[in-house]
Amino acid sequence: MSLPPTSGRFSNAHVIPSMCPRLRELLIRGARESGIAVHEDGLYFGFYGFARIETLAELELMDRLGARIVGQTMDPEFTLARQRHAHYAAIAVAIDSYHDMRDESDQDPEEFRARSREAIRYGRERFERIIAAGLASVAREPLAQVCSCARTSKGKHPDMFASFPEELL
């Protein structure tokens, strides 16, 4: 896929909606057809910080705010996708819980790492099943929903709002 050229000027990335509705539909359909439980909504809170894990205070705050999943991915990925008018969606697989993280210092580090490795393997297998089923469903029945990911604003300041969905201007 070739990406559209940038203007060389600063551009805010408006990330509402952050996910491409067509790809999101594809992933949800793929999960359902694979028999994999899927949460269709919820609050994701992203932390910058690779390569560190969130602090206990950060996790407690996000728990109080109602975050369903906390991670260090999705942004900058979805921001870049918006800036480049590309489609973007994500599959989030929990590899540990707030309670696991909170109690980590009381656990054997090797046991914790082994559990995380197993969760990653488990998540990868389900990820592959969701993608395969989602792509197969598109071959059988094209997605009905049309997205505006590739459209560019025609407003007064198209450079500033280049990634803002037209219908929200």
[atom1]-[atom2] distance between [X] and [Y], expressed to the nearest 0.5 angstrom:
{"X": "Leu59", "Y": "Phe45", "atom1": "CG", "atom2": "CZ", "value": "11.0 Å"}
{"X": "Arg29", "Y": "Ser34", "atom1": "CZ", "atom2": "OG", "value": "12.5 Å"}
{"X": "Glu25", "Y": "Glu40", "atom1": "CD", "atom2": "CD", "value": "10.5 Å"}
{"X": "Leu27", "Y": "Ile36", "atom1": "CG", "atom2": "CD1", "value": "11.0 Å"}
{"X": "Leu65", "Y": "Met62", "atom1": "CG", "atom2": "CE", "value": "4.5 Å"}

Which heavy atom of Val38 sits nearest a heavy atom of Ala31, and at what distance?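 Looking at all heavy atoms of both residues, the closest pair is CB-CB, 3.9 Å.
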Over all atoms of both residues, closest heavy-atom pair of Leu26 and Gly134: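 Looking at all heavy atoms of both residues, the closest pair is CD1-O, 2.9 Å.
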Sort out for me which residue in Met74, Arg24, Arg82 forms a side-chain contact (heavy atoms from CB on, under 4.5 Å) with Tyr88.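 Per the side-chain contact (heavy atoms from CB on, under 4.5 Å) rule, the option paired with Tyr88 is Met74, out of Met74, Arg24, Arg82.
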Under 4.0 Å between a side-chain nitrogen and a carboxylate oxygen: does that hold for Glu118 and Arg115?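 Not counted as a salt bridge, because no side-chain N and carboxylate O are separated by less than 4.0 Å.
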I'd like to know if Arg124 pairs up with Glu128 as an ion pair, taking the criterion as any Lys NZ or Arg NE/NH1/NH2 lying under 4.0 Å from an Asp or Glu carboxylate oxygen.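 The answer is no: the pair does not qualify as a salt bridge.
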Just to verify, what does Phe78 make a ring-ring contact (aromatic ring centres under 6.0 Å, His included) with, not counting sequence neighbours?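 Once residues adjacent in sequence are excluded, Phe78 has no partner under the ring-ring contact (aromatic ring centres under 6.0 Å, His included) criterion.
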Quick check on the hydrophobic clustering: are Phe127 and Leu135 connected, directly or via other members, by side-chain heavy-atom contacts under 4.5 Å?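 Phe127 and Leu135: one cluster.
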So does Tyr44 have more than 12 non-hydrogen atoms from other groups sitting under 6.0 Å from OH?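 Yes, because the 6.0 Å sphere around OH of Tyr44 holds more than 12 heavy atoms from other groups.
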Please list, chain by chain and in numerical order, all residues satisfying side-chain hydrogen bond (donor to acceptor under 3.5 Å, both in side chains) with Arg126, sequence neighbours excluded.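 Scan of Arg126 (side-chain hydrogen bond (donor to acceptor under 3.5 Å, both in side chains), adjacent residues dropped) gives Tyr122.
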Residue list, salt bridge (Lys or Arg N to Asp or Glu O under 4.0 Å) with Arg68, at least two apart or on another chain: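 Once residues adjacent in sequence are excluded, the partners of Arg68 under the salt bridge (Lys or Arg N to Asp or Glu O under 4.0 Å) criterion are Asp41.
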